[in-house]
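Following this message is one structure expressed as structure tokens.
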Amino acid sequence: MTTPREASPRATAAAGPARLVARGLGVRHASRRAWALTDVDLVVEPGERVLVTGASGAGKSTLLAAVAGILEAEGTEVVGELTVDGADPRAARGRLGMLAQDPDSQLVMTRAGDDVAFGLENAGLPPEVIWPRVDESLAAVGFPYGRDHPTQALSGGEKQRLVLSGALARRPGLLLLDEPTAQLDGAGAALVRGAVERATADRRTTVLVVDHDAEPWLPLVDRVVEVTPGGLTEHGPGWHPVARTTGLLLPPAPDGPVLLTAEAAGFTYRGTTTPALPPVDAVVRGGRALAVTGSNGTGKSTLALLLAGLRAPTTGRVTAAAELAAGVRKGRDEPHRWAARDLVSRIGTVFQHPEQQFLTGRLRDELALGPLRSGEHADAARATAEELLERLGLSAFAEANPFTLSGGQQRRLSVATALATSPRVLVLDEPTFGQDAATWRELVTLLAEQRARGCAVVAVTHDRDVVEVLADDRLSLSERRTSEERNERGVEPWAR
């Protein structure tokens, strides 16, 4: 699939903010019977900022992809009218800046500064213009490193900021943002919203932003539209989203035994000197939920991999209690030494990027795979799969390929795969990413039920509501970098 970053901006139309018109727009993805979008009517005037909301899987990301002109998969059906400045969106790619839901799909260079400069170089701008603009856009989003920092060493949230920086650097006529703050800590999210506000203050950029966390965007946008099964609904000036925690009743948490212990556990990637995770202590107990919080880049996802037994610490140890390790033959008390069959039945894991853990071509098969590998009978495995599909609102997609789901649906599927083997420990990296209020409540309730049955829940999260309603214990990974580590040229980007 071609992204707006890959298309040459030399075909740019007239400068200034873009105008978007959709009339009766419908989209049906290849191999899917149901339409992802139907009867969408939307006019966005030049310079407007519009927030797009809607249920998980309602078609918000599909709408942005259509506007970006990147719905090119063979068999995708598009009906109705969609224009950017009166032309086919594909002709306007050079005027677009886009942050997709998965920032990894948009990184094209190995160094941060080169990645931001990529679009500017394609536009034929001279170096004396490019590099000051690169520095300016990195500073605007609070990117914590310098130009030479390797992109492969970034956390998910840091990649998100970098891709946004590249989009802003081009000073586009149309800026498309898909969940731009979903992987960011509170301070980082505020920086991103501030950067978008400053970059579009002169109204020379039209903005379409999708975000489930709608409330913080309301002071910045002109209006809010909601994607629904029948098209779009426009919300009035006084609209506010209902709090996700409204009416939430969770079962109480029992106090169970220690199941996992991290003792001065840390990790440093080969070939680097700065640790991805400095030594940290953690205790994981059955019947309790541990929330791991902290700024982007402090090592939360790395700690999750160590606790899940998917990576061996380079310093310290992660050990399993005898109760959790019962029946394990290999590497008895160190989960990273366990055989896959032993690990999957004891520790369930949800990765930061859910698509990295899908192994089959159907949701139904994906959910049955873990139970089958752990020795469960085929009939029981199918029953487990059907129950989880129903519980997480995915039954209608049982025959679909996991990679065709929306980001929020993929996240629910990844949580379901972790639950399928009824493990004693759950290690979840951003489990509520991309969820609307209803699916958020269902996910949190499901996790609370696992905790009530004696399961230990470890949640790496920036979601303050999850921490508030679910966490019994909290571990905050503090900012650890010196100013030189934040920026190789010794300049704090947000201080410029």
Side-chain angles (χ1 to χ4, degrees), residues 259-260 284 286 301 303-313 318-395 397-405 409-431 443 446-447 449-451 453-460:
L259 297 177
L260 279 176
V284 179
S301 294
L303 175 59
L305 292 174
L306 301 188
L307 292 174
L310 298 177
R311 182 166 283 166
V318 173
T319 57
E323 180 176 341
L324 182 64
V328 174
R329 295 182 180 180
K330 181 182 178 182
R332 175 92 178 160
D333 64 345
E334 293 184 290
H336 74 270
R337 298 183 184 276
W338 294 355
R341 177 170 176 167
D342 291 327
L343 192 62
V344 73
S345 61
R346 290 165 174 80
I347 304 177
T349 309
V350 168
F351 295 164
Q352 188 176 45
H353 302 292
E355 67 279 0
Q356 293 176 351
Q357 63 192 96
F358 298 148
L359 300 172
T360 74
R362 294 194 312 172
L363 269 68
R364 181 175 280 120
D365 296 339
E366 194 70 35
L367 289 173
L369 184 62
L372 289 171
R373 283 186 170 179
S374 63
E376 197 168 292
H377 190 274
D379 289 342
R382 283 194 293 269
T384 297
E386 296 303 323
E387 179 183 351
L388 287 168
L389 286 169
E390 178 68 27
R391 185 69 187 272
L392 291 173
L394 296 171
S395 294
F397 308 99
E399 299 297 318
N401 188 306
F403 294 96
T404 66
L405 299 179
Q409 291 168 331
Q410 287 185 342
R411 172 55 75 211
R412 297 205 299 282
L413 176 61
S414 66
V415 172
T417 60
L419 295 173
T421 57
S422 299
R424 192 67 194 281
V425 177
L426 286 169
V427 181
L428 315 168
D429 199 339
E430 297 290 357
L443 268 179
L446 192 56
L447 295 178
E449 290 172 358
Q450 299 302 306
R451 180 186 63 179
R453 71 171 182 83
C455 179
V457 178
V458 180
V460 170

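All values below were derived from every heavy atom in this structure, side-chain atoms included, with hydrogens, water molecules and symmetry-related copies excluded.
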Exercise. Do other residues, nucleotides or ligands put more than 12 heavy atoms under 6.0 Å from Glu387 CD?
Worked result: no
For this session: With the side chain counted from C-beta on, respond yes when Ile347 and Pro423 share a heavy-atom pair under 4.5 Å apart, and no when they do not.
Result: no
For this session: Give the minimum heavy-atom separation between Ala368 and Ala385, together with the two atoms involved.
Result: N-CB, 4.1 Å
Exercise. For Gly370, does its backbone N or O pair with a side-chain atom of Thr421 as donor and acceptor, under 3.5 Å?
Worked result: no
Exercise. Which pairs, with at least one residue in residues 410-431 and sequence neighbours excluded, count as a salt bridge (charged side-chain N to carboxylate O under 4.0 Å, His left out)?
Worked result: Glu323-Arg424
For this session: Would you please test Val460 and Leu428 for side chain to side chain contact (heavy atoms under 4.5 Å, CB included) and show each step?
Result: CA-CA 6 Å; Val460 170; Leu428 315 168; over 6 Å; no
Seminar exercise, completed: To the nearest 0.5 Å, atom CG of Leu388 lies from atom CG of Leu363 at 11.0 Å
Exercise. Are the side chain of Arg373 and the backbone N or O of Leu369 linked by a donor-acceptor pair below 3.5 Å?
Worked result: no
For this session: Kindly write out the residues that satisfy side chain to side chain donor-acceptor pair (under 3.5 Å) with Glu399, not counting sequence neighbours, or none if the list is empty.
Result: Arg362, Arg364
Problem set entry | Worked check of side chain to side chain contact (heavy atoms under 4.5 Å, CB included) between Thr349 and Leu343 | CA-CA 10 Å; Thr349 309; Leu343 192 62; over 6 Å; no
Exercise. Rounded to the nearest 0.5 Å, how far apart are CG of Leu260 and CG of Asp333?
Worked result: 11.0 Å
Problem set entry | Thr384: partners by side chain to side chain donor-acceptor pair (under 3.5 Å), with sequence neighbours left out | Glu376
For this session: Taking all heavy atoms of Val318 and all of Leu306, pick out the closest pair and write down the distance.
Result: CG1-O, 3.8 Å
Problem set entry | Rounded distance [0.5 Å steps], CD in Glu366 versus OG in Ser414 | 10.0 Å
Seminar exercise, completed: Residues Ala378 and Leu372: closest non-hydrogen pair is CA-CD2, 3.7 Å
Exercise. Do you know which two heavy atoms are closest between Ala325 and Ala320, and how far apart they sit?
Worked result: CB-CB, 4.4 Å
Exercise. Roughly how far, to the nearest 0.5 Å, is the CZ atom of Phe358 from the OG1 atom of Thr417?
Worked result: 6.5 Å
For this session: Give, for atom NE2 of His336 and atom CG of Leu305, the distance between the pair rounded to the nearest 0.5 Å.
Result: 13.5 Å
Exercise. Quick one: CG on Leu419 to CG on Leu446, what's the gap to the nearest 0.5 Å?
Worked result: 5.0 Å
Exercise. Given side chains that start at C-beta, do those of Leu394 and Leu413 come closer than 4.5 Å, heavy atoms only?
Worked result: yes
Problem set entry | Nearest heavy atoms of Leu392 and Ala416, plus distance in Å | CD1-CB, 3.6 Å
Exercise. Would you call Ser422 and Arg453 a side-chain contact if the rule is heavy atoms closer than 4.5 Å?
Worked result: yes
Exercise. Shortest non-hydrogen contact from Gln410 to Phe403?
Worked result: NE2-CA, 3.6 Å
